[in-house]
Number of protein chains: 2
Amino acid sequence: MIPNHPFRPAPLTARDKLLEAGVKLVRQHGFSATSVDQLCGEAGVTKGAFFHHFVSKEALGVALADYWSSSTGQFFAAARFHQHADPLDRVLGYIDLRIALISGPVESFSCVAGTMVQEAFRSSDSIRSVCNSSILGNAAALEDDLAAALARSGASGVTAASLSRHIQAVIQGAFIMAKAAGAADAAAAAREHLMHLRRYLELLLAGETIHAN
Amino acid sequence: MIPNHPFRPAPLTARDKLLEAGVKLVRQHGFSATSVDQLCGEAGVTKGAFFHHFVSKEALGVALADYWSSSTGQFFAAARFHQHADPLDRVLGYIDLRIALISGPVESFSCVAGTMVQEAFRSSDSIRSVCNSSILGNAAALEDDLAAALARSGASGVTAASLSRHIQAVIQGAFIMAKAAGAADAAAAAREHLMHLRRYLELLLAGETIHAN
DNA sequence: GTCAGCATACCGACCAGTTGGTATGCTGAC
DNA sequence: GTCAGCATACCAACTGGTCGGTATGCTGAC
């Protein structure tokens, strides 16, 4: 998700540098495979600085998920797709933005929270919980628009909350497929699934139109 | 995926014991966080036995993805949903089977290949490649049925190959959401997304029926 | 002077991988 | 039929290096 937030100019304190290093290294190698020494090296600080700001590696993981959550939250809250008058257009605008963000190597568009929770869901409940909040936060930001679009479409058996979570699920699945596809095909592999997701939302929410375009 | 294959009675050799231990521990802790010592302990063999059968931990990862691939392949090939006369019923039968397999803790239904590729996609191209083959193998097994259903529905802009991959993407995404949701809600969280996937397939492939049921 | 914000030096535990060895079973020459 | 020769399967102990974490010291701002 998100290339690199333009709003936060450059990490100044050791804490911010470590969090930025965490985003990069966790995306590349995962949480377990990223050592504290590597994080310090990437951030250009020493181990003393690390344990001054974080009581443990796990604590950095929690802070990293929080950092990621607020970064992505701000990014999508400020995006232009909110300006559309129609709720379905806003939802599809979100999907289109997500598609547009997918380019280059996997580690430039993958999700830090999704990556971390996969490794830490059993060993650290605090990391799992913050990652869950991060993903569900992204989901919740779409819930009102989905509710409006759902009400108009007359679709039954689907709640806006569930559909908002499903959007995030497909995005996470797309990232896994991208990682599996390999560097050369990663972006294309990921985009493919967001296109299917877009089609699902259109079929479900288009109202009176028939499914085929 | 798959609780535990009934056809392979019990691991006898150290190699098989290590692979079974790998399935369990990688699902629980991930690949990086699982040590060779842990694998040996779980398998009840010594380190010497480990490095007799595998030249490195990475080599076990490759063998594990292969083992997983053939286990799941056999399991789904033998499943009863193939008996349906209608191709769409076979596809939906597969989804229903996947839904039925989701119960209990995440580590009893999650995918070893999807878990491993997330951690190893950058550090080991051989592990990534085998995991990719495992996931795409599951996808390919549905391609003919999807092609038949697609042809009959008249849907345009979708290929059977892409749709088959998308099914696996949603499954992988569902597992991530399950891990994030936490132990108590994991299974329900995962099932939710397969229900959406089922709805998408129905909307797309149902032919002349309108989307809402 | 004191305290946040670091840096340096170090620790014990654990890591993947190595070593040197044993038990067992197959194979073919005699 | 038996036994040398050898491959396979496994074991226990060990190694160099890396791990997360700690103890302590410096330094400039207030």
Side-chain angles (χ1 to χ4, degrees), chain A residues 8 10-26 28-65 67 115-116 119-128 130, chain B residues 8-26 28-67 115-116 119-120 122-128:
Chain A
R8 203 176 304 223
L12 289 171
T13 69
R15 187 189 144 91
D16 284 343
K17 286 190 223 167
L18 284 165
L19 290 172
E20 272 304 318
V23 170
K24 176 175 176 181
L25 294 179
V26 167
Q28 287 182 349
H29 312 296
F31 185 71
S32 319
T34 297
S35 71
V36 174
D37 283 329
Q38 279 178 278
L39 286 164
C40 294
E42 178 71 31
V45 301
T46 61
K47 228 164 176 180
F50 184 101
F51 285 100
H52 173 73
H53 290 287
F54 308 104
V55 299
S56 66
K57 189 190 174 187
E58 182 188 8
L60 171 117
V62 172
L64 181 57
Y67 178 73
T115 301
M116 263 204 291
E119 299 179 70
F121 76 98
R122 211 169 177 277
S123 61
S124 167
D125 205 62
S126 49
I127 291 183
R128 180 206 58 77
V130 182
Chain B
R8 203 176 303 224
L12 290 172
T13 70
R15 187 189 145 92
D16 285 343
K17 286 190 224 167
L18 283 165
L19 290 172
E20 273 304 320
V23 170
K24 176 174 175 182
L25 294 180
V26 167
Q28 287 181 349
H29 312 296
F31 184 71
S32 320
T34 298
S35 73
V36 174
D37 282 327
Q38 281 177 278
L39 286 163
C40 294
E42 178 70 32
V45 302
T46 61
K47 226 161 176 183
F50 184 100
F51 285 100
H52 172 74
H53 290 287
F54 308 104
V55 298
S56 65
K57 189 190 173 187
E58 181 187 9
L60 172 116
V62 173
L64 181 56
D66 254 332
Y67 178 73
T115 301
M116 264 203 292
E119 298 180 70
R122 212 170 177 279
S123 61
S124 167
D125 205 62
S126 51
I127 292 183
R128 181 204 59 75

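Fair warning: this is a prediction, and the values are worked out from it, not measured in the lab.
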B:His52 side chain near D:dA9 phosphate (N/O to OP1/OP2, under 4.0 Å): yes
Could you grab the distance from atom [atom1] of [X] to atom [atom2] of [Y], nearest 0.5 Å is fine?
X: A:Ile127; Y: A:Arg122; atom1: CD1; atom2: CZ; result: 15.0 Å
X: B:Glu20; Y: B:Leu39; atom1: CD; atom2: CG; result: 12.0 Å
X: A:Phe121; Y: B:His29; atom1: CZ; atom2: NE2; result: 8.5 Å

Over 12 foreign heavy atoms within 6.0 Å of NZ, A:Lys57: yes
Nucleotide forming a Watson-Crick or wobble pair with C:dA23, both distances under 3.5 Å: D:dT8
G-U wobble or Watson-Crick pairing nucleotide for D:dA29 (cut-off 3.5 Å, both distances): C:dT2
B:Leu18 vs B:Phe54 side-chain heavy atoms within contact, under 4.5 Å: yes
Summary of protein contacts for nucleotides 7-26 of chain C, nucleotide by nucleotide, where a base hit scores B, a sugar-phosphate-only hit scores S (4.0 Å, heavy atoms): BB------SBBB--------
